[in-house]
Amino acid sequence: MTSRIAGLSLLLVFILPSCSPNDPPPATKDSAWEDVKTRVTLEQGWTPQVRELFWFTPQGSEIIPYRWFLALEQASITELFRSTANMNRLRYIPEPRSTANPDGLPIGFVEDIDHDGQAWLGFTCAACHTGQINFRGVGMVVDGAPAMADFAGFFDELIAAMEATDGDDEKFARFAQTVLGGDPAEEASQQLRESLRETTADVIARKQRNQPANPPGFARVDAFGNILNQVLVQGLGVPENGRPPDAPVSYPVLWDTPQHDRVQWNGSAFNTGLGSLGRNVGEVLGVFGKLSITPKAIPPGYNSSVKRRNLLKLEKWVEALWSPQWPSEHLPVIDEDKAKRGEKVYSELCIKCHALIERTDPNRRVEAMMIPLSGIGTDPAMATSFVTRSAKTGVLNGTLKRIIVPGPRFGPEAPAAEILKNAVFGVIIRPRSPLGVTTESAPDELGDLSPETLAAQAQGSEPSAADLLRYKARPLNGVWASAPYLHNGSVPNLAQLLLPAAERAQQFHVGSREFDPQHVGFDIQEAPGTFLFDVTVPGNSNAGHEGLMYGTDLADTEREDLVEYLKKL
């Protein structure tokens with residue numbers, strides 16, 4: 001974004017009112033959520049206030065200018081891109097206007113204001129980690145559950161809308177009138193159009209470097225692929241470091257995450273020290289956070305748009321989040337006799353890898369059970385691509401891998417994971433990063449700690465490459481609300497997960513929020529707008545997690561009993 005464009009955008013922030021004539025009407029309980037008549041939230045330890053703060057607290061994500069998003073129409077029609085119907089179609093969850101959400105954005109969408117005062121459309125954790133389960137007219141919002149969202153589809157259609165706005169004079173005139181207000185002058189309209197073209201080109205470039213060979217569809221994204229491309233290409237300024245993300249995974253559940261010693265599907269992130277902050281810094285970089293890697297900066301560290309203080313708040317909120325319990329007032333009542341028999345099966349087979357924990361215990365802790373690829377047998381793409389990817393180090397060549405900690409230095413190439421860790425350290429230790437300053441009056445919670453102290457706290461242990469060729473087994477509390485299953489979302493429901501791989505569905509449709517309480521998953525029938533999941537596509541294998549210890553050799557009645565018990569966790 002050039003200074004001229006930034007200056008125009010900044011001007012618009014201050015001269016425009018907070019609402020436009022084209023704003024959609026506030027969502028209502030009867031109309032906002034597709035075919036459900038009402039929507040409820042489950043008891044998960046959060047107050048309504050904390051829930052809204054988690055949904056709408058900015059983290060430093062900068063997608064497109066915020067006013068543009070409010071005014072942008074869909075590519076082929078005049079309906080707003082952010083309309084309730086369109087957001088629902090892309091499976092983001094519409095939400096009414098409120099104090100925390102004055103423009104009625106979907107859950108996880110936010111106005112994110114940068115250090116210059118420019119307002120951007122941003123994503124928060126909630127966009128990918130808030131689920132909705134529908135059953136017979138009731139929509140149940142599950143905090144921390146996987147979103148059904150089509151991340152790749154959203155950006156494909158956002159780009160199409162931006163290109164259509166530039167290419168259609170009437171569409172652009174409506175856009176300019178809303179963004180600029182009234183009857184804008186020709187010069188201002190032309191500047192806006194040039195800004196739109198440049199920003200569209202930037203979003204297209206990012207989309208192109210993150211374009212997978214096969215679309216992931218609903219409820220999945222190659223998060224590491226997107227994060228690494230942002231760091232290795234945008235952060236380092238080395239275009240040849242880009243690689244198409246080819247290992248899409250389901251959005252993992254968030255409950256109990258702060259209590260785990262290791263997180264991520266491959267257990268690559270430790271939660272010791274400031275490890276949780278590092279994990280969340282990486283997440284922001286994957287959703288259009290900005291990063292400038294400058295090894296010789298004084299004071300040390302890297303400028304970024306990441307709002308560290310808000311990330312610390314978010315982690316505290318998640319620490320208080322409980323897994324959801326099966327809501328018998330909205331779903332069929334659990335058969336207690338079958339569940340009792342299923343509990344016995346669980347204690348004989350499953351508990352070895354999936355320990356039981358008390359969901360509300362504030363002192364609960366989870367020690368990761370890491371299963372080698374050879375043992376679990378599931379699709380290896382996510383684990384292997386993270387371990388084997390390397391990149392040119394560019395400006396990092398010859399610098400300390402830990403920035404201010406004496407030790408090894410980068411050569412001309414390095415494992416991508418090492419460069420990512422360097423980038424995250426740089427963001428964490430940068431005191432009062434100019435690109436990370438918030439407009440809030442409270443001080444940065446890390447501001448009174450020296451870079452040396454922060455770096456020491458952020459170190460933690462480092463898993464070996466062999467240790468990362470594994471997938472993590474976690475406690476299964478709340479598992480009923482986390483379909484589809486396996487790390488890559490290749491098994492649609494719990495009933496099929498307990499079948500041998502050859503008997504699992506080879507194709508099924510994803511995108512419905514309608515719940516199947518018998519099999520414990522979502523409806524997999526074809527319907528308008530659903531995505532066909534094909535397990536023969538690279539990265540989509542539904543193999544593994546089978547054999548005696550995984551329950552796939554059970555009798556049919558035993559499988560049914562076990563599924564009934566899993567509903568209770």
- Task: Kindly give the heavy-atom pair with the smallest separation between Val366 and Pro475, and that separation in Å.
- Result: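 Of all heavy-atom pairs spanning Val366 and Pro475, the closest is CG1-CD, 3.5 Å.
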
Which value, rounded to the nearest 0.5 Å, describes the distance between [X] atom [atom1] and [Y] atom [atom2]?
X	Y	atom1	atom2	result
Phe386	Leu420	CZ	CG	6.0 Å
Met148	Phe218	CE	CZ	8.0 Å
Ile227	Asn210	CD1	CG	10.5 Å
Thr124	Gln59	OG1	CD	5.5 Å
His487	Ser250	NE2	OG	8.5 Å
Gln325	Thr360	CD	OG1	8.5 Å

- Message: Less than 4.0 angstrom from a charged side-chain N to a carboxylate O is my criterion; do Glu111 and Arg67 meet it?
- Response: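 Salt bridge: no.
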
- Any Lys/Arg nitrogen of Arg262 or Glu367 sitting under 4.0 Å from an Asp/Glu carboxylate oxygen of the other?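 Looking at Glu367 together with Arg262, the answer is no, because their closest N to O distance does not fall below 4.0 Å.
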
- Residues, nucleotides or ligands: over 12 heavy atoms within 6.0 Å of Lys316 NZ: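 No, not enclosed.
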
- Message: With a 6.0 Å cut-off (strictly less than), is the heavy-atom count around NZ of Lys401, excluding the residue itself, greater than 12?
- Response: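 Yes, NZ of Lys401 has more than 12 neighbouring heavy atoms, counting only those of other groups under 6.0 Å.
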
Which residues pass the salt bridge (Lys or Arg N to Asp or Glu O under 4.0 Å) test with [X], sequence neighbours left out?
X	answer
Asp222	none
Arg51	Asp143
Arg206	none
Glu163	none

- Report yes if the distance between the aromatic ring centroids of Tyr92 and Phe154 is under 6.0 Å, otherwise no.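 So the answer is yes for these two rings.
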
Do [X] and [Y] make a side-chain contact, defined as non-hydrogen atoms from C-beta onward lying under 4.5 Å apart?
X	Y	value
Trp317	Leu53	yes
Val405	Leu400	no
Glu315	Asn310	no
Arg474	Asp256	yes

Non-neighbouring partners of [X] that pass ring-ring contact (aromatic ring centres under 6.0 Å, His included), sequence neighbours left out:
X	answer
Trp255	none
Phe56	none
Tyr251	none
His129	none

Which residues satisfy the side-chain hydrogen bond (donor to acceptor under 3.5 Å, both in side chains) test with [X], sequence neighbours excluded?
X	value
Tyr66	Asp103
Arg197	Asp166
Glu52	Ser98

Has [X] got a side-chain atom pairing as donor or acceptor with [Y]'s backbone, closer than 3.5 angstrom?
X	Y	value
Asp150	Gly153	yes
Arg91	Gly511	yes
Ser83	Glu79	no

- Who passes side chain to side chain contact (heavy atoms under 4.5 Å, CB included) against Asn363, sequence neighbours left out?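 Only Asp361 meet the side chain to side chain contact (heavy atoms under 4.5 Å, CB included) criterion with Asn363.
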
- Task: Check the pair Arg389, Asn241 against side-chain hydrogen bond (donor to acceptor under 3.5 Å, both in side chains), reporting the backbone distance first and the verdict last.
- Result: CA-CA 10 Å; Arg389 185 170 180 176; Asn241 279 340; over 6 Å; no

- Message: Is there a salt bridge (charged side-chain N to carboxylate O under 4.0 Å, His left out) between Asp261 and Arg365? Walk through the geometry before answering.
- Response: CA-CA 8 Å; Asp261 61 343; Arg365 292 294 179 267; over 6 Å; no

- Arg430 vs Asn303, side-chain hydrogen bond (donor to acceptor under 3.5 Å, both in side chains): CA-CA, chis, key distance, verdict: CA-CA 7 Å; Arg430 180 70 171 173; Asn303 287 343; 3.0 Å; yes

